[in-house]
Amino acid sequence: MLTEVADAVRLQEGPPGVRSVLRALRRLAPASTKDLSRATGLPVPIVAALGNELRRRGIVTTQRPSRLTEAGQELVARLGMDLVLDATCRACDGRELVVPDVLDEAVRRLRALMESGPAADMAIDQSHCTAETKVRRVLALLTAGALPGGSLLLIGDDDLISLAVAVVGDVLGGPIVEQVTVVDISEEILDHIRKTAAGLGTRVETVRHDLRLPLPAALHGRHDVAMTDPPYTPEGARLFLSRAVEGLRPGPAHSVFFSFGGKSPDEMLEVQREIMALGLVTNGYIRNFNEYEGSGILGGVGFFQHLLTTTSTAPSHLGEFSGPLYTGDKRTRQREYTCAACDARIRVGPGARWTSVAALRADGCPNCGKGPFRPGRLVPAEEPAPPAAPQDAASVPTSLAAPEPAPAPAPVAATPAPAPAAAPAPVSPSGRVHGWRPPSDDDRAALVDRAQPYATRQADERDLPAIGRFEAEIARVSFGEDAIDDPERWAARLGRAMEKSKEGMIVAQGPGEEPVGWCWVSINQNAMTGDRYANFRSLAVSPVDNRSDVAELLLTAGLEFCLANGITEVVGRVHVGNVPMRTVYRKFGFDPTSLAMKLFLPEQDGVR
């Protein structure tokens, strides 16, 4: 069973890796995926995938946080792992260093500096360590004898360790280093360091430099100690450590402090080979020393390694570096994520709509607008992409169904009033037919008159309860029993969307009434071509007497929003059974361009 689970997720650690998860679950239960990741050193996506496989076999409970089932407990006992004995130091939690009370002020000040500082750039593997971690790193320098005194070289400093050294010195009553030199590519980070360090009494030199290029000659061989938290790839480790060695004074026993994230044994072997190739020797190693904000894939932790130079130490990369450096540069496959709220499966990675799970979290689930997301399997390179789901993120189904549970509300009339197209459909030079043009003044006045007493305006937060009911009914019309039809969930999702932008969100409302209609148009960009296009995500109207006129008023407002933003292509999706909406689309000149096909297979032994 251990082998089957390891093979199912292509676990490099094999059965011992599965054992480590079971052992940690036995000791920590109930345990979150992040807790298990921290305990085992396995990345969060791998732990999540292992958990799913163990659930399928009845070893782990379906409820979260996870526990072993009775069968799981029996298995652990058979494997001899039922002994629970935790010898981890309760004071330092295994990190070997504890922040003393005298430096609590430093932690508070560094938290404030983080809040006012630049945001992390996930594209270049940035993930800021916590304020406590910053102080612990300074304590590690002091404990190792690298400080006080001397000069410190920081190869990259998005973690603001230069400011941590300066703040700790300020709290203790004087500088603890002669000079700090920061080398970083981000002018925003360097500017924040310069402005903040100016009043802290520590000499901080900042050098803007792309570390793909050799270290500037003026920095060669002039520093006593170096520290780096490089991109979490073997190539990143090699390059940043090599640049650190370039900047150190010649000779043995100079310290390099190296932070990195947990990787598979084969990847870590590559990293250790790079360390050996540089002529560096390990003097200390602490697992889970570094805690990071937002580094979910690593469980929010990384190790801290103290390296020493030897008589054999020399840079391993003196020239320019042009290969893949960051995690994103090396990622070639997609991973499947499952929404914890609705079980929708979404692919993330190269060629997918979301290239990172951070981007997916920011947008919310395409099906229900929520999250969080559980990492699953890596998608085989040869597996084709699934057809777009009818309830996909960019295609919330469109309907003209009533938002209230009224008895059999009448659909939009089979013959709605003509759409306000004042001129024949023009043809572009490429032969593409333009199916709609803005109405003339007379046509607009006539449409506004027919839609009375309702008028359109931009939606805002006060409309969320009504919008939630509209979206719930849209889902019911389009998906029947499979619909996600909780108005509060839809209202919450649209509330998050409004926080980002209300543009393209339009309601129709009469004097002193709740909205009777809702339209949502978003502007998107094709990830492959870069072309911008508009997406008609939602259109719904209550069963008022002039319902079709209100629908046309909303749709017209949406299309004019597109034109005002320079959009020339508009996409609208509709369930095949939603005839009223298909009719309205046709009246406005929309042409069908694709058809989603769905097949349901019978259940086999209770498994779908």
Side-chain angles (χ1 to χ4, degrees), residues 99 103 105-121 124 126-211 213 215-230 240-241 243-249 254-259 290 304:
V99 177
L103 292 181
E105 181 188 343
V107 173
R108 290 192 294 271
R109 288 169 62 177
L110 286 167
R111 284 200 191 108
L113 291 176
M114 290 174 68
E115 291 176 2
S116 62
D121 186 349
I124 55 175
Q126 288 183 357
S127 185
H128 296 161
C129 70
T130 63
E132 290 83 358
T133 298
K134 298 182 200 306
V135 174
R136 279 199 301 270
R137 288 189 189 175
V138 178
L139 289 171
L141 289 165
L142 292 166
T143 303
L147 298 180
S151 54
L152 170 65
L153 173 64
L154 296 171
I155 301 296
D157 194 26
D158 62 287
D159 283 324
L160 306 180
I161 301 303
S162 56
L163 296 183
V165 171
V167 168
V168 168
D170 193 53
V171 170
L172 295 178
I176 57 175
V177 65
E178 292 178 6
Q179 179 173 315
V180 180
T181 300
V182 179
V183 181
D184 202 288
I185 194 173
S186 170
E187 183 60 37
E188 189 179 12
I189 288 173
L190 297 177
D191 185 58
H192 182 60
I193 291 171
R194 281 192 295 266
K195 290 178 179 177
T196 307
L200 292 175
T202 294
R203 290 178 56 200
V204 178
E205 175 190 13
T206 58
V207 179
R208 188 182 183 194
H209 183 71
D210 185 345
L211 288 163
L213 303 175
L215 205 64
L219 300 181
H220 284 195
R222 52 172 278 200
H223 300 89
D224 300 298
V225 59
M227 182 179 286
T228 187
D229 189 343
F240 279 49
L241 284 171
R243 301 304 189 213
V245 168
E246 281 184 68
L248 287 175
R249 300 186 194 280
H254 292 294
S255 293
V256 178
F257 293 89
F258 170 52
S259 295
N290 297 305
F304 187 72

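The figures that follow rest on heavy atoms only: side chains count, while hydrogens, waters and symmetry mates do not. As the structure is a prediction and not an experimental result, all values here were calculated from the model.
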- Do Met227 and Val256 come within less than 4.5 Å of each other through their side chains, counting heavy atoms only? no

Applying side chain to side chain donor-acceptor pair (under 3.5 Å) to His254 and not counting sequence neighbours gives none

Rounded to the nearest 0.5 Å, the OG1 atom of Thr228 sits from the CZ atom of Phe257 at a distance of 13.0 Å

Across all chains, not counting sequence neighbours, the side chain to side chain donor-acceptor pair (under 3.5 Å) partners of Glu188 are none

Evaluate the side-chain proximity of Ser116 to His192: yes if any heavy-atom separation is below 4.5 Å, no if none is.
yes

N/O donor-acceptor pair under 3.5 Å between His209 side chain and Ile185 backbone
no

dist Asn290:CG -> Cys129:SG (nearest 0.5 Å) comes out at 6.5 Å

Rounding to 0.5 Å, atoms NE2 (His128) and CG (Asp158) come to a distance of 5.0 Å

Fill in: Close side-chain approach of Arg203 and Glu178, heavy atoms under 4.5 Å
no

Are any side-chain N or O atoms of Asp157 and backbone N or O atoms of Ser162, one a donor and one an acceptor, separated by less than 3.5 Å?
yes

N/O donor-acceptor pairs under 3.5 Å from side chains in residues 166-176, not counting sequence neighbours:
residue	atom	partner	partner atom	Å
Asp170	OD2	Arg109	NH1	3.0
Asp170	OD2	Arg109	NH2	2.8

Sorted by chain and number, sequence neighbours left out, side chain to side chain donor-acceptor pair (under 3.5 Å) with Thr202 holds for none

Here the gap from Thr181 atom OG1 to Leu215 atom CG, rounded to the nearest 0.5 Å, amounts to 9.5 Å

CZ (Phe240) and CZ (Phe258) are apart, to the nearest 0.5 Å, by 11.0 Å

Glu246/Arg243 salt bridge by N-O under 4.0 Å criterion
yes

Looking only at heavy atoms, the pair that brings Thr206 and Arg194 closest together is OG1-NH1, 2.8 Å

Residues pairing under salt bridge (charged side-chain N to carboxylate O under 4.0 Å, His left out) where one sits in residues 132-144, two or more places apart or in two chains, turn out to be Arg111-Glu132, Arg136-Glu291, Arg137-Asp159, Arg137-Asp229

Kindly list each side-chain donor-acceptor pair under 3.5 angstrom involving residues 138-155, sequence neighbours excluded, with atom names and distances?
residue	atom	partner	partner atom	Å
Thr143	OG1	Leu139	O	2.8
Ser151	OG	Arg222	O	3.3
Ser151	OG	Asp224	N	3.2
Ser151	OG	Asp224	OD2	3.2

d(Leu103 CG, Arg108 CZ) to nearest 0.5 Å is 10.5 Å

